[in-house]
Amino acid sequence: MLRRRCCRVETRPGELESDYMSVFALADCNNFYASCERVFNPDLIGRPLVVLSNNDGCVIARSNEAKALGVAMGEPFFKREGFFKQHGVRVYSSNYALYGDMSQRVMRTLGRFTPELEIYSIDEAFLDLDSFGARDLDDYGREIRRTVRQWTGIPISIGIGPTKTLAKIANRMAKKFPEHQGVFRVPQPVAGLPRAPVIPGLDALLDRIDVADVWGVGRRYAIKLERYGIRNARQLKDADEAWVRKKMTIQGLHTVLELRGISCLALELAPPPKKSIMVSRSFGRPVATLTEMREAVAAFAARCAEKLRAQQSRAAFLAVFLMTNPHKDEPQYSNILTARLPVATANTPDLIRLALDCLERIYKDGYSYKKAGVMLSGVEPDATRQLSLLDPTPRLAARQNDLMRALDSVNAKWGRNTLHYAATGIGRPWQMRQERKSGRFTTCWQELPIVR
DNA sequence: TCTGGGGTCCTAGGACCC
DNA sequence: TCTGGGGTCCTAGGACCC
């Protein structure tokens with residue numbers, strides 16, 4: 001998920017809207033998934049612990065102790081299983097119901113400290129601290145951190161700075177060096193024009209940051225920059241604007257300006273609705289029959305429809321794709337087919353029907369499929385949708401909407417898939433493997449003992 | 001045996017039109 | 001044989017994020 005670019009600057013250098021008195025904080029949960037597991041199993045505190053991706057494929061979160069053992073992000077679990085046993089590393093499947101709920105608790109807590117909060121990802125939020133300039137911001141940061149820890153059990157780090165990019169860097173410092181006790185601040189500009197703010201100590205700080213660790217610089221750009229002798233954040237900050245614009249597009253230029261203390265990326269308070277929606281999974285075991293594949297694809301389509309309705313939108317196009325396992329020495333096949341819906345819709349049966357249609361046209365017998373998915377595009381908010389001659393009659397539309405609303409509210413109350421379409425299957429043998437999942441500590445009353 | 005899922009934005013280039 | 005200039009729209013591919 002990435003909602004990064006929302007500009008406050010004009011793209012032509014020299015026409016910048018001055019905004020250099022902003023103060024951003026980035027609150028980031030430490031080893032979030034690992035920390036969530038620990039909240040409900042204190043036994044894990046102080047032990048090496050990893051959380052695995054879907055299907056228990058690879059490592060996607062590590063406690064500090066696991067990091068210290070040299071466990072890398074993204075390592076395939078099967079290659080490390082022996083090592084984990086040997087070093088007593090505790091291993092968990094990902095438990096998104098738990099992490100999602102813990103995330104909400106953290107975000108609600110953070111919301112008490114600022115009127116303006118951007119939830120950037122499951123474990124990160126930007127806070128607008130503009131109006132707290134009179135306070136000691138380091139002190140305020142420590143108070144936020146203490147409160148989140150106390151109310152949710154989750155440890156966080158806080159980085160503060162005049163731009164989002166600098167707040168990100170500050171957060172890194174807060175995490176990396178324990179002497180800062182989880183809070184680090186890049187000072188506000190003390191002088192200078194809006195186009196050239198003066199920030200004390202900035203060069204010395206950025207000199208210590210690898211260019212690859214700058215927000216917006218990925219692996220590819222890091223390699224490219226290195227070729228031109230740019231290895232750290234200070235060198236990137238001082239790079240020529242036109243050159244950066246050419247080599248890294250407008251987004252790269254924004255990163256450079258942000259490093260200088262010129263805010264280009266505003267806070268996004270309400271996430272804009274998604275323009276495309278995808279649900280895809282790798283299967284827990286290979287799927288080799290059309291019957292099973294139909295269930296899986298129907299389930300993906302149904303989930304897409306739920307996401308669509310959750311953001312009050314409809315989709316005009318639907319695509320189905322499937323693929324075999326490229327890591328295996330077996331016959332390979334993959335394909336994708338996109339189709340237009342007669343009218344933009346968020347009605348689950350319509351989406352399932354079209355998805356199954358597409359599937360039948362690309363499915364080939366004789367292969368073991370590893371992964372499949374459904375994608376929706378041409379997604380528009382209900383309110384602005386073009387009307388069509390093919391639209392269902394108002395009466396039918398109202399009935400469909402009522403039915404979907406009822407379905408969604410039952411599932412919201414009693415848990416996902418309490419009510420579902422038969423086409424999506426019951427046994428679901430293709431479902432993800434998650435053999436090491438912790439309990440649904442916060443979200444599932446069904447698992448509590450029933451007291452009579 | 002076993003290698004995640006879900007997004008966004010930008011640019012270049014081709015098709016097409018006048 | 002000669003063979004403009006400028007605009008729009010769409011798609012593919014490349015980059016990024018967590």
Side-chain angles (χ1 to χ4, degrees), chain A residues 1-7 11 26 28-29 31-33 50-61 72-82 84 91 93-96 99-100 103 118-126 164-165 168 171 211-225 244-255 264-265 268 271-286 300 303-304 307-308 311 317 319 321 323-330 336 338 368 370-379 432-436:
Chain A
M1 174 201 317
L2 177 63
R3 304 187 308 275
R4 184 167 174 225
R5 301 296 172 172
C6 174
C7 306
T11 52
L26 174 66
D28 189 329
C29 301
N31 311 326
F32 182 55
Y33 296 170
V50 299
V51 177
L52 304 178
S53 63
N54 289 340
N55 285 311
D56 298 343
C58 49
V59 174
I60 55 166
M73 192 73 171
E75 280 193 280
F77 171 53
F78 73 94
K79 282 192 186 161
R80 281 294 215 159
E81 197 166 2
F84 290 164
V91 180
S93 304
S94 33
N95 184 345
Y96 290 109
Y99 311 150
S103 172
E118 174 187 337
I119 298 174
Y120 176 68
S121 74
I122 193 165
D123 69 337
E124 282 174 71
F126 285 103
K164 282 179 157 181
T165 304
K168 272 267 189 187
N171 193 285
V211 78
D213 292 337
V214 174
W215 192 38
V217 177
R219 226 182 63 240
R220 294 305 185 89
Y221 279 151
I223 293 169
K224 200 188 234 181
L225 289 169
V244 170
R245 174 73 177 78
K246 197 162 145 232
K247 298 283 178 190
M248 300 173 68
T249 80
I250 190 70
Q251 314 201 92
L253 180 56
H254 287 156
T255 297
C264 303
L265 309 173
E268 266 182 34
K274 306 262 181 273
K275 297 173 187 166
S276 68
I277 286 176
M278 171 152 79
V279 175
S280 76
R281 291 285 179 280
S282 294
F283 299 124
R285 61 164 174 71
F300 300 155
R303 180 68 193 122
C304 275
K307 291 187 182 184
L308 202 52
Q311 65 164 33
F317 297 91
F321 68 89
M323 61 180 74
T324 50
N325 187 348
H327 298 290
K328 273 192 169 175
D329 190 17
E330 285 179 357
I336 177 166
T338 306
S368 284
K370 175 61 184 168
K371 183 174 178 179
V374 172
M375 266 183 295
L376 303 179
S377 53
V379 173
M432 302 188 289
R433 224 183 359 255
Q434 292 192 307
E435 285 160 2
R436 304 150 176 277

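By convention in this document, chain letters (A, B, ...) are assigned in the order of the sequence lines, proteins followed by strands, and residues within each chain are numbered from 1. Just so you know, these numbers use all the heavy atoms, side chains as well, and skip hydrogens, waters and symmetry mates.
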Discussion item. At 4.0 Å (heavy atoms only), tell me whether A:I277 reaches a base, stays on the sugar-phosphate, or touches nothing.
Written reply: sugar-phosphate
Worksheet entry | Which residue lies more 5' along DNA chain B, comparing A:Y96 with A:K275 via nearest heavy atoms | A:Y96
Worksheet item: Could you state the CE-P distance from A:M375 to B:dG7, rounded to the nearest angstrom?
Response: 10 Å
Discussion item. Just the rounded figure in Å: distance from P of C:dC17 to NZ of A:K164.
Written reply: 14 Å
Worksheet item: Considering residues at least two apart in sequence or located in another chain, which fulfil the side chain to side chain contact (heavy atoms under 4.5 Å, CB included) criterion with A:M375?
Response: A:M278, A:A319, A:F321, A:I336
Worksheet item: Can you name the residues that form a side chain to side chain contact (heavy atoms under 4.5 Å, CB included) with A:R220, not counting sequence neighbours?
Response: none
Worksheet item: Which is true for A:E75 with a 4.0 Å heavy-atom rule: it touches a base, it touches only sugar-phosphate, or it touches nothing?
Response: nothing
Practice prompt. Name the nucleic acid region contacted by A:K371, choosing base, sugar-phosphate or nothing; use a 4.0 angstrom heavy-atom cut-off, strictly under.
Written response: sugar-phosphate
Discussion item. Say we look at B:dC17 and C:dT3: how far apart would their P atoms be, to the nearest angstrom?
Written reply: 24 Å
Fill in: Listed partners of A:D28 passing side chain to side chain contact (heavy atoms under 4.5 Å, CB included), at least two apart
A:D123, A:E124, A:N171, A:K175
Worksheet item: Which atom names give the shortest non-hydrogen contact between A:N55 and A:G284, and what distance separates them?
Response: OD1-CA, 3.3 Å
Item to complete: Using atom CE of A:M248 as one end and atom C1' of C:dC17 as the other, report the distance to the nearest whole Å.
Response: 14 Å
What nitrogen or oxygen pairs link the protein and nucleotides 8-15 of chain C at under 3.5 Å?
from: C:dA15; atom 1: OP2; to: A:R220; atom 2: NH1; distance (Å): 2.5

Worksheet item: salt bridge (Lys or Arg N to Asp or Glu O under 4.0 Å) with A:R281: which residues, sequence neighbours excluded?
Response: none
Fill in: Between B:dG5 (C1') and A:I122 (CD1): distance, integer Å
12 Å
Worksheet item: How many Å lie between CZ on A:F126 and P on C:dC17, as a whole number?
Response: 12 Å
Item to complete: Take atom CD1 of A:I119 and atom P of C:dC18, then tell me their distance rounded to the nearest Å.
Response: 16 Å
Fill in: Pairing residues for A:K328 by the salt bridge (Lys or Arg N to Asp or Glu O under 4.0 Å) criterion, not counting sequence neighbours
A:E330
Item to complete: Output all residues satisfying salt bridge (Lys or Arg N to Asp or Glu O under 4.0 Å) with A:R436, sequence neighbours left out; order by chain, then residue number.
Response: A:E81
Response to the item:
Rounded to whole Å, the CG-C1' distance (A:L225 to C:dC16) equals 13 Å
Worksheet item: How would you label the contact of A:R281 with the nucleic acid (heavy atoms, under 4.0 Å): base, sugar-phosphate, or nothing?
Response: sugar-phosphate
Discussion item. Run the ring-ring contact (aromatic ring centres under 6.0 Å, His included) test against A:F300 and tell me which residues pass, sequence neighbours left out.
Written reply: A:W430
Practice prompt. Just jot down the salt bridge (Lys or Arg N to Asp or Glu O under 4.0 Å) partners of A:E435, sequence neighbours excluded, or say none.
Written response: none
Worksheet item: Given A:Q311 and A:V379, is the side-chain contact (heavy atoms from CB on, under 4.5 Å) satisfied, shown in steps?
Response: CA-CA 10 Å; A:Q311 65 164 33; A:V379 173; 3.5 Å; yes
Worksheet item: Closest approach of A:G216 and A:Y221, non-hydrogen atoms and distance?
Response: O-CD1, 4.1 Å
Anything under 3.5 Å between a protein N or O and an N or O of nucleotides 1-3 of chain B, put it in a table, one pair a line.
from: B:dC2; atom 1: OP1; to: A:K328; atom 2: NZ; distance (Å): 2.8
from: B:dT3; atom 1: OP1; to: A:K370; atom 2: NZ; distance (Å): 2.4

Fill in: Strand DNA chain C as a dot-bracket string - pairs counted if Watson-Crick or G-U with both distances under 3.5 Å, | where the partner lies in another strand
....||||||||||||||
Response to the item:
Sorted by chain and residue number, the side chain to side chain contact (heavy atoms under 4.5 Å, CB included) partners of A:Y96 (sequence neighbours excluded) come out as A:Y33, A:N54, A:I60, A:S94, A:Y99
Item to complete: Would you classify A:S94 as touching base, sugar-phosphate or nothing, given that sugar-phosphate means primed atoms plus P, OP1 and OP2, and contacts are heavy atoms under 4.0 Å?
Response: nothing
Practice prompt. Could you tell me the separation between the CG atom of A:D213 and the P atom of C:dC17, rounded to a whole number of Å?
Written response: 10 Å
